[in-house]
2 protein chains.
Amino acid sequence: MTKIETLSDSSNFALGRLRALLDDGRFAADQRLPPERVLATQIGIGRRALRRALEVLEAEGRIWRHQGKGTFVGPRPVDPQTGLEELSSRTNPLEVMDVRLEIEPILARLAALRASNGDVERLLHLAEKTASSSDADGYELWDSALHRAIAEAAGNSLLLAIFDMVDRIRQDVNWQVLRERARSKDRLSRYVEQHRRVIAAISQREAHAAERAMREHLELVRQSLLTVMTRPAQPDGSLSQNDFNDTKDELRHGT
Amino acid sequence: MTKIETLSDSSNFALGRLRALLDDGRFAADQRLPPERVLATQIGIGRRALRRALEVLEAEGRIWRHQGKGTFVGPRPVDPQTGLEELSSRTNPLEVMDVRLEIEPILARLAALRASNGDVERLLHLAEKTASSSDADGYELWDSALHRAIAEAAGNSLLLAIFDMVDRIRQDVNWQVLRERARSKDRLSRYVEQHRRVIAAISQREAHAAERAMREHLELVRQSLLTVMTRPAQPDGSLSQNDFNDTKDELRHGT
DNA sequence: CACCCGAACCAATTTGCAAATGGTTTCATG
DNA sequence: CATGAAACCATTTGCAAATTGGTTCGGGTG
């Protein structure tokens with residue numbers, strides 16, 4: 001019923017035939033249709049007209065085609081590999097930061113409740129590494145390890161998998177430029193201090209304090225990211241600052 | 001330096017040679033080593049001795065091997081497919097429920113702030129479907145669609161991907177038995193009422209109320225799961241109730 | 001007897017090639 | 001100008017041969 005007026009007579013005829021075939025159930029889901037050349041002769045039209053009809057059906061999601069494979073009934077199956085890449089392309093740094101701001105405070109809270117003494121020791125060791133790393137690259141490495149160690153200490157394999165997924169997205173996408181611009185000696189030292197507070201809360205089993213400390217830390221990271229992102233585009237930064245505050249409030253828990 | 005005493009002379013010699021090769025950097029990361037047959041003749045030992053040495057290196061995570069592919073330097077790459085299955089085998093229903101209890105209230109809160117009017121309409125429609133579905137299977141279907149619609153309305157593609165990941169785990173693993181036992185007419189009607197409250201809060205843009213309503217809903221779901229899980233093993237349920245309360249408190253936000 | 005080596009065999013993978021298939025262009029036709 | 005037929009390109013499949021790790025066996029050496 002769609003796009004009939006834009007299609008030629010033959011294509012329209014073929015479209016009707018194909019719709020009938022699909023509705024009849026003669027072609028079950030996930031089944032491969034005959035090759036275009038065969039199907040064209042069966043229906044009695046040329047390949048060009050057939051392909052136009054198939055394009056319509058594909059756009060409707062009723063079939064999917066792939067070169068070399070064939071034409072299949074049903075929606076296009078999702079490949080986890082392409083799924084990740086597609087996700088990387090659809091998301092953006094702010095979204096990732098928002099998610100970190102939601103997830104990692106939870107992990108810090110759980111870590112405060114469930115971390116073993118060995119976990120705490122490891123966190124302290126990693127915090128020391130971040131503090132003593134001279135160059136920004138070294139800091140980045142130890143910082144990443146520290147955040148993951150907290151996620152491990154939370155003791156929930158599913159949440160850990162979620163953390164890893166977010167982390168992979170964060171690294172995969174080419175926002176390294178942003179991160180490079182976002183790190184300065186000043187900020188790094190503040191990060192180190194915030195890390196200390198998070199780990200102190202975890203070691204003292206103060207769940208709420210750990211959660212809040214991690215949220216404060218990530219808020220600063222988020223702010224750094226925002227200033228770096230918006231500075232080149234909008235030098236005065238007034239609008240972007242407003243936007244930042246709005247979004248930040250949205251993400252705060254209503255307490 | 002490890003397991004030397006348990007290895008024979010030739011294997012030990014090969015181990016040293018291989019360690020030297022790997023440390024030299026002559027074989028970069030992800031590079032394929034020569035076939036075992038070649039490597040054995042190069043070093044001047046038999047395949048058996050070589051393979052024992054390779055086993056040690058593989059156990060240390062310095063190399064990984066696969067039949068037909070070869071031997072490679074570095075840690076074994078993670079396949080998203082096997083990664084998912086491995087995760088399914090490592091987690092358990094309670095862990096999944098804990099994660100839902102953390103994630104979905106966030107999604108409800110964001111949905112209250114960002115849902116379009118069309119989103120709200122869709123939620124209302126789905127809620128009606130769950131309420132009017134007669135059999136438990138139908139309810140399950142519409143319930144799943146409703147929860148995902150809320151996740152979509154939150155407007156964060158990464159969080160949506162996380163929700164889908166948790167949902168896939170929840171469905172993949174064979175805990176359907178539990179879910180079947182956990183659903184009764186009584187509980188379902190309470191769920192429907194809780195859904196109404198969540199959606200009402202979203203439609204009225206009351207973020208905190210939406211978050212709390214969703215948390216209350218999932219707590220009831222969690223409790224149903226727990227009673228079903230523990231009832232067969234411990235009929236009186238006293239210990240399991242304590243365990244439930246402990247874990248529930250751990251997961252509550254400290255306010 | 002313990003250990004090693006070589007060989008053979010098994011299982012999984014890669015490679016090379018032909019065939020199949022969707023995607024595209026060309027061309028003659030009415 | 002659209003149509004249909006044909007030809008060509010790019011990707012995939014299917015198959016056989018070669019490659020490679022995994023395993024077993026037998027002979028040799030100390």
Side-chain angles (χ1 to χ4, degrees), chain A residues 3-18 21-22 27 30-77 79 81-82, chain B residues 3-18 21-22 27 30-77 79 81-82:
Chain A
K3 291 183 180 175
I4 288 185
E5 50 280 359
T6 71
L7 286 182
S8 53
D9 289 352
S10 297
S11 303
N12 199 358
F13 172 68
L15 190 53
R17 286 288 303 264
L18 287 174
L21 287 182
L22 265 55
F27 292 105
D30 294 1
Q31 186 181 343
R32 196 172 93 183
L33 294 177
E36 289 183 354
R37 292 162 176 84
V38 177
L39 205 53
T41 56
Q42 278 187 3
I43 297 181
I45 57 173
R47 250 184 102 200
R48 276 184 66 121
L50 173 66
R51 298 193 92 262
R52 269 200 289 266
L54 291 177
E55 284 168 13
V56 176
L57 293 176
E58 188 176 27
E60 292 175 356
R62 303 197 47 165
I63 63 169
W64 65 276
R65 306 177 286 174
H66 192 78
Q67 191 173 127
K69 278 186 176 175
T71 305
F72 299 83
V73 183
R76 182 182 304 273
D79 167 30
Q81 186 64 28
T82 33
Chain B
K3 292 184 180 176
I4 288 184
E5 50 280 0
T6 73
L7 287 181
S8 53
D9 289 353
S10 296
S11 302
N12 197 359
F13 171 70
L15 190 53
R17 286 287 303 265
L18 288 173
L21 287 181
L22 265 56
F27 292 106
D30 294 359
Q31 186 181 343
R32 197 173 91 179
L33 294 177
E36 290 183 354
R37 292 163 175 85
V38 178
L39 205 53
T41 57
Q42 280 186 0
I43 298 180
I45 58 173
R47 250 185 101 199
R48 272 184 69 111
L50 172 66
R51 298 194 92 259
R52 269 200 289 266
L54 290 176
E55 285 167 11
V56 175
L57 293 175
E58 187 175 27
E60 292 174 358
R62 303 196 48 165
I63 63 169
W64 65 278
R65 306 177 285 173
H66 193 77
Q67 189 174 124
K69 279 186 174 175
T71 306
F72 299 84
V73 183
R76 180 184 304 272
D79 167 30
Q81 188 64 29
T82 35

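Throughout, a chain's letter reflects where its sequence line sits, starting with A, and its residues are numbered from 1.
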- Item | 5' precedence on DNA chain C between B:Arg37 and B:Thr41 (nearest-nucleotide basis) |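 The residue mapped nearer the 5' terminus is B:Thr41.
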
- Task: Determine the stems involving DNA chain C; a stem requires 3 or more consecutive pairs of the Watson-Crick or G-U wobble kind, each with both distances below 3.5 Å, and the answer is none if no such run exists.
- Result: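 DNA chain C stems, ordered by first number: C:1-30 with D:1-30.
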
Provide, to the nearest angstrom, the distance between the [atom1] atom belonging to [X] and the [atom2] atom belonging to [N].
X	N	atom1	atom2	answer
B:Leu50	D:dG21	CG	P	9 Å
B:Trp64	D:dT20	CH2	P	15 Å
A:Arg52	C:dT24	CZ	P	13 Å

- Message: Strictly by ring pair (Phe, Tyr, Trp, His ring centres under 6.0 Å), give each pair with a member in residues 40-68 of chain B just once, sequence neighbours left out.
- Response: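 Pairs touching residues 40-68 of chain B that pass the test: B:Trp64-B:Phe72.
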
- Taking only residues two or more places apart in sequence or in another chain, which ones pass side-chain contact (heavy atoms from CB on, under 4.5 Å) with B:Pro34?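 Testing B:Pro34 for side-chain contact (heavy atoms from CB on, under 4.5 Å), a comparison that skips the adjacent residues, returns B:Phe27, B:Val38, B:Leu39.
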
- Out of curiosity, A:Glu55 CD to A:Leu50 CG, how far, rounded to the nearest 0.5 Å?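 Those atoms lie 10.0 Å apart.
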
- Query: So which pairs with a foot in residues 66-75 of chain A pass salt bridge (charged side-chain N to carboxylate O under 4.0 Å, His left out), sequence neighbours left out?
  - Reply: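 Residue pairs passing salt bridge (charged side-chain N to carboxylate O under 4.0 Å, His left out), neighbours aside: none found.
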
Of all residues at least two apart in sequence or in a different chain, which pass the side-chain hydrogen bond (donor to acceptor under 3.5 Å, both in side chains) check with [X]?
X	value
A:Arg62	A:Asp23
B:Gln31	none
B:Gln42	none
B:Arg32	none

Listing time: all N or O pairs from protein to nucleotides 23-30 of chain D that are below 3.5 Å?
unit_1	atom_1	unit_2	atom_2	d
D:dT23	O4	B:Arg47	NH1	3.3

- Can you list the residues that meet the salt bridge (Lys or Arg N to Asp or Glu O under 4.0 Å) rule with A:Arg37, with sequence neighbours excluded?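 By the salt bridge (Lys or Arg N to Asp or Glu O under 4.0 Å) rule, A:Arg37 matches no residue at all.
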
- Message: Please enumerate all residues that pass salt bridge (Lys or Arg N to Asp or Glu O under 4.0 Å) together with A:Arg65, with sequence neighbours excluded.
- Response: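 Only A:Glu36, A:Glu58 meet the salt bridge (Lys or Arg N to Asp or Glu O under 4.0 Å) criterion with A:Arg65.
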
Return the polar atom pairs (N/O with N/O) between nucleotides 11-13 of chain C and the protein under 3.5 Å, or none.
unit_1	atom_1	unit_2	atom_2	d
C:dA11	O4'	B:Gln67	OE1	3.3
C:dA11	N3	B:Gln67	OE1	2.6
C:dA12	O4'	B:Gln67	OE1	2.9
C:dT13	OP1	B:His66	NE2	3.2

- Task: Output yes when at least one side-chain N/O atom of A:Thr71 is less than 4.0 Å from OP1 or OP2 of C:dT21, else no.
- Result: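 For C:dT21, OP1/OP2 do not have a side-chain N/O of A:Thr71 under 4.0 Å.
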
